[in-house]
Amino acid sequence: MTSVRLPDGSLKEFDSVVSVKDVAKSIGSGLAKAAIWGEIDKQPVELDFEIPSGEPVDLKIITKKSPEALETMRHSCAHVMARAVMRIKPGVQLAFGPSTDGGFYYDIESPEPLTEEDFPAIEKEMAKIIALDEPFERVVRPRDEAIKVCKDLKQEFKVEHIETGLADDETLSFYQQGEFVDLCRGPHVPSPKRIGAFKLLSIAGAYWKGDQSRQQLQRLYATAFFTQADLDAHMEMLEESKKRDHRVLGKRLGLFHIDEMVGQGLILWTPKGSFIRQKLQDFISEHLVRQGYDQVFTPHIGKLDLYKTSGHFPYYQESQYPALVDRDYLSKLAEEGCSCSQLSNKMKDGEIEGYLLKPMNCPHHIKIFDSEQRSYRDLPIRLSEFGTVYRWEQSGEIGGLTRVRGFTQDDAHLFVTQEQLGEELIGCIELVKVVFAAMGMEDYSVRVGLRDPDSSKYVGDPKNWDLAEQACREAAQTLGKDFDEDPGEAAFYGPKIDFVAKDCLGRKWQLGTVQVDYNLPIRFGLEYVGADNQTHRPIMIHRAPFGSMERFIGLLIEHFGGCFPLWLNPEQARILTVSDKSEEYGRSVEKQMLAAGLRVKADYRSEKLGAKIRDGQLDMIPYMLIVGPRDAENGTVSLRDRSKGDLGAMSVEEAIAKFQKEVQDKA
RNA sequence: GCUGCUGUAGCUCAGUGGUAGAGCGCGUCCUUGGUAAGGACGAGGUCAUGGGUUCAAAUCCCAUCAGCAGCUCCA
């Protein structure tokens with residue numbers, strides 16, 4: 001008798017000898033068809049593996065749809081890739097080789113660095129290895145022996161990993177395939193033949209153990225799928241995604257420009273992009289009024305003293321543009337033979353006053369709060385500003401609109417009492433929710449950053465921290481979607497709630513943020529008079545629903561794939577004349593539309609209609625208004641929707657009403 | 001910042017030591033065409049910048065700047 005226990009806990013018994021496939025068949029023909037291998041007591045086996053009789057075994061049937069199946073297969077493929085590389089380049093040291101969302105990689109150190117030109121040879125060697133069909137054999141060794149094995153293999157990274165990362169493990173597992181032995185937790189596919197189609201993608205640098213101070217390895221990125229068709233589809237999907245890239249669309253649609261002569265990471269907003277940005281600002285401003293915010297304006301620079309008080313200088317000096325120093329004072333110092341480092345020290349010591357391009361808006365807002373005596377009756381005070389800040393980001397980090405050196409935050413600072421904190425946080429979350437919902441951007445994740453219980457770097461009373469963390473949790477719950485709690489992710493000055501979205505290449509970017517701050521009110525000695533006639537310290541909330549206009553618009557471009565909805569699109573409709581004969585009528589329609597407050601342009605070129613439509617489509621204009629002799633006669637326009645195509649003729653008034661309603665609904 | 005790749009016309013790119021090319025776009029003309037590319041002609045380039053090698057450099061070497069991918073970082 002053979003008995004198996006399935007993952008749901010149910011027991012199945014068979015009188016005769018059965019294979020994994022037989023079990024699958026007994027559950028359903030669909031499953032039998034989909035099955036690719038089985039796992040008995042967590043060890044992968046082929047479908048024709050005969051299950052031993054006697055004691056029940058745990059059996060899991062793996063199908064292509066099992067989330068772990070692809071992962072396992074890719075990891076096996078990583079082993080094959082590493083083996084192939086070692087055959088081609090002797091003396092290669094292996095580090096880590098996990099699977100990722102879209103494929104897998106292996107970090108290696110080669111005496112002779114690999115280049116993409118080596119890819120075909122590696123792929124060929126991999127195919128050879130797979131054709132040999134040698135199984136991945138699991139070997140378990142005690143610590144000492146495991147270390148010796150790695151030493152004998154001259155795999156120093158593995159030795160280090162066993163000694164540090166796996167210090168608590170009594171025994172360690174290896175997987176052997178032919179001459180190739182690798183320290184590995186597993187599991188692997190039962191046979192290399194399960195590896196379907198694979199492709200090496202790119203090569204990049206990566207630090208050993210992710211530590212910048214340690215040596216840099218070469219990371220070989222690759223991917224694998226069960227079938228060639230899946231791989232082809234994946235590659236095509238990547239190509240398609242690239243077309244949504246905001247850098248590509250930004251150029252094609254003329255939304256923004258970055259100029260070498262202006263500087264890295266400094267965005268020039270062209271008229272179209274500026275229009276979208278302004279619309280978004282107006283949209284937020286409208287909601288700020290509804291939520292009782294006050295708008296302020298503050299300058300782009302502030303004295304060093306301000307940032308010394310806030311702690312931003314010299315502590316974050318590395319990520320700021322250098323300070324601006326008074327011209328006369330500077331020449332005086334030069335005459336005295338003052339060196340750069342002496343200048344820098346004098347600034348730190350406060351001997352020289354200078355100005356800093358603001359890296360944050362909070363100090364300025366704090367000074368507005370502190371410019372008057374405040375009563376508890378005034379609180380909460382909510383100061384908002386589309387404030388432009390400048391940060392010296394590392395050059396290798398800068399790109400497109402998502403990481404820049406000058407950006408405008410849709411910033412606000414709330415000064416609240418401890419009692420008001422919870423409600424105000426909920427208000428902030430509400431705003432983020434409204435904003436994201438209006439854009440149809442529902443695909444974002446929420447992270448609540450809490451303090452690390454083992455660290456003492458945090459400012460403020462632990463009791464207040466508990467209250468604030470609980471308030472953040474409760475505020476996050478009002479979103480009605482799952483969120484992660486990340487201990488250790490809080491800023492040193494308070495817990496926070498972050499909103500994270502992915503770009504067209506799957507990279508994650510923090511957009512909105514809501515942060516509680518116990519630190520700055522202390523540093524600036526902020527106070528208000530309470531009902532008890534005593535002075536109290538307010539709590540600050542920093543919040544920005546978009547995060548920055550630049551990054552948000554970058555992701556918004558990709559979210560819409562360039563097809564901005566009518567209310568946001570700089571050009572809402574384009575009038576296309578069928579021939580020159582209709583230009584006069586076209587101009588009258590254009591006038592009516594403009595008078596109705598619609599943003600229309602017209603194409604009066606002596607081109608064929610088909611060409612004008614094509615250009616309109618490529619420019620992603622929401623509506624095209626086609627006017628020809630027929631329309632001129634009937635006082636109509638023939639409407640064309642960029643995605644639905646021809647909508648037929650309607651009167652100019654009807655078209656205007658339709659557009660106005662769509663704008664109103666932000667559809 | 002680190003590693004690697006890239007930089008040629010407004011855009012996308014070809015050109016690998018010997019007279020700078022294509023498509024699209026742009027301009028002029030012809031064409032007057034009803035739902036995704038009509039035709040002809042033409043203008044347009046210090047081949048990122050600065051050095052070097054060579055009889056000769058877009059091409060080879062070095063540096064700088066910028067872009068891309070990844071890593072690291074992001075108050």
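Just so we're on the same page: letters track the sequence lines, and every chain starts at 1.
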Next item on the list: Specify the residues of residues 103-120 of chain A, ordered by number, for which at least one heavy atom lies under 4.0 angstrom from an atom of RNA chain B.
Entry: none

Expressed in whole Å, how much space separates the [atom1] atoms belonging to [N] and [M]?
| N | M | atom1 | answer |
| --- | --- | --- | --- |
| B:C29 | B:G34 | P | 23 Å |
| B:C5 | B:C74 | P | 28 Å |
| B:A14 | B:U6 | C1' | 15 Å |
| B:G7 | B:A58 | P | 15 Å |
| B:A40 | B:G23 | P | 11 Å |
| B:G21 | B:A36 | C1' | 29 Å |
| B:A63 | B:C2 | P | 12 Å |
| B:G50 | B:C65 | C1' | 10 Å |

Can you tell me the pairing partner of [N] across any strand shown, Watson-Crick or G-U wobble, with both distances under 3.5 angstrom?
| N | answer |
| --- | --- |
| B:U28 | B:A40 |
| B:U12 | B:A22 |
| B:U46 | none |
| B:U35 | none |
| B:C60 | B:G52 |
| B:G70 | B:C2 |

Check: Who are the salt bridge (Lys or Arg N to Asp or Glu O under 4.0 Å) partners of A:Lys251, not counting sequence neighbours?
Finding: none

Checklist line | Partners passing salt bridge (Lys or Arg N to Asp or Glu O under 4.0 Å) against A:Glu469 (at least two apart in sequence or in another chain) | finding: A:Arg451

Using atom [atom1] of [X] as one end and atom [atom2] of [N] as the other, report the distance to the nearest whole Å.
| X | N | atom1 | atom2 | answer |
| --- | --- | --- | --- | --- |
| A:Gln394 | B:U3 | CD | C1' | 14 Å |
| A:Ile626 | B:G33 | CD1 | P | 16 Å |
| A:Met624 | B:A37 | CE | P | 12 Å |
| A:Met540 | B:A75 | CE | P | 16 Å |
| A:Tyr316 | B:C74 | OH | P | 9 Å |
| A:Lys496 | B:C74 | NZ | P | 10 Å |
| A:Lys581 | B:G34 | NZ | C1' | 12 Å |
| A:Leu217 | B:G4 | CG | P | 13 Å |

Check: Taking the six-membered ring of A:Tyr207 as reference, does the NZ or CZ atom of A:Arg214 fall below 6.0 Å from its centre and within a 45° cone about the axis?
Finding: no

Note to self: I want to check a possible cation-pi pair here: A:Arg523 against A:Tyr493, using under 6.0 Å from ring centre and within 45° of the ring axis as the test.
What the structure shows: no

From the set [options], return the single nucleotide nearest to any side-chain atom of [X].
| X | options | answer |
| --- | --- | --- |
| A:Leu609 | B:U35, B:C11, B:C74 | B:U35 |
| A:Arg605 | B:G34, B:C26, B:C11 | B:C26 |
| A:Asp580 | B:U35, B:U32, B:A75 | B:U32 |

Notebook entry, point to check: For RNA chain B, whose closest nucleotide is more 5', that of A:Thr577 or that of A:Ala491?
Noted result: A:Thr577

Report which part of the nucleic acid [X] touches: base, sugar-phosphate, or nothing (heavy-atom distance under 4.0 Å, all strands).
| X | value |
| --- | --- |
| A:Tyr493 | sugar-phosphate |
| A:Asp631 | base |
| A:Glu318 | nothing |

Item checked: Check ion pair A:Arg574-A:Asp619 (N to O, under 4.0 angstrom) -> yes

Item checked: Test: A:Glu583 and A:Arg587 ion pair at under 4.0 Å -> yes

Next item on the list: Would you check if A:Phe564 and A:Leu556 make a side-chain contact, meaning some heavy-atom pair closer than 4.5 Å?
Entry: yes

Note to self: Counting the benzene-type ring for Trp, do A:Phe369 and A:His413 have ring centres under 6.0 Å apart?
What the structure shows: no

Margin query: Quick check: A:Phe659 with A:Tyr623 (ring centres under 6.0 Å apart)?
Written below: yes

Checklist line | Annotated protein contacts, base or backbone, on nucleotides 58-71 of chain B with a non-hydrogen cut-off under 4.0 Å, one of B, S, - each | finding: -------SSSSSBB

So which protein N/O to nucleotides 38-45 of chain B N/O distances come out below 3.5 Å?
residue : atom : partner  : partner atom : Å
B:G38   : OP1  : A:Glu607 : OE1          : 3.4

Name every donor-acceptor pair, under 3.5 Å, that has one atom in a side chain of residues 545-554 of chain A and the other anywhere in the protein, sequence neighbours excluded.
residue  : atom : partner  : partner atom : Å
A:Ser548 : OG   : A:Arg551 : N            : 3.0
A:Glu550 : OE1  : A:Thr408 : N            : 2.9
A:Glu550 : OE2  : A:Arg277 : NH1          : 3.3
A:Arg551 : NE   : A:Thr402 : O            : 2.7
A:Arg551 : NH1  : A:Gln510 : O            : 2.8
A:Arg551 : NH2  : A:Thr402 : O            : 2.9

Check: So, A:Gln317 versus A:Trp392: side-chain donor-acceptor pair below 3.5 Å or not?
Finding: no

Please work out which of the three classes, parallel, tilted or perpendicular, describes the rings of [Y] and [X], given edges at 30° and 60°.
| X | Y | answer |
| --- | --- | --- |
| A:Trp465 | A:Tyr458 | perpendicular |
| A:Tyr316 | A:His312 | tilted |
| A:Phe225 | A:His234 | tilted |

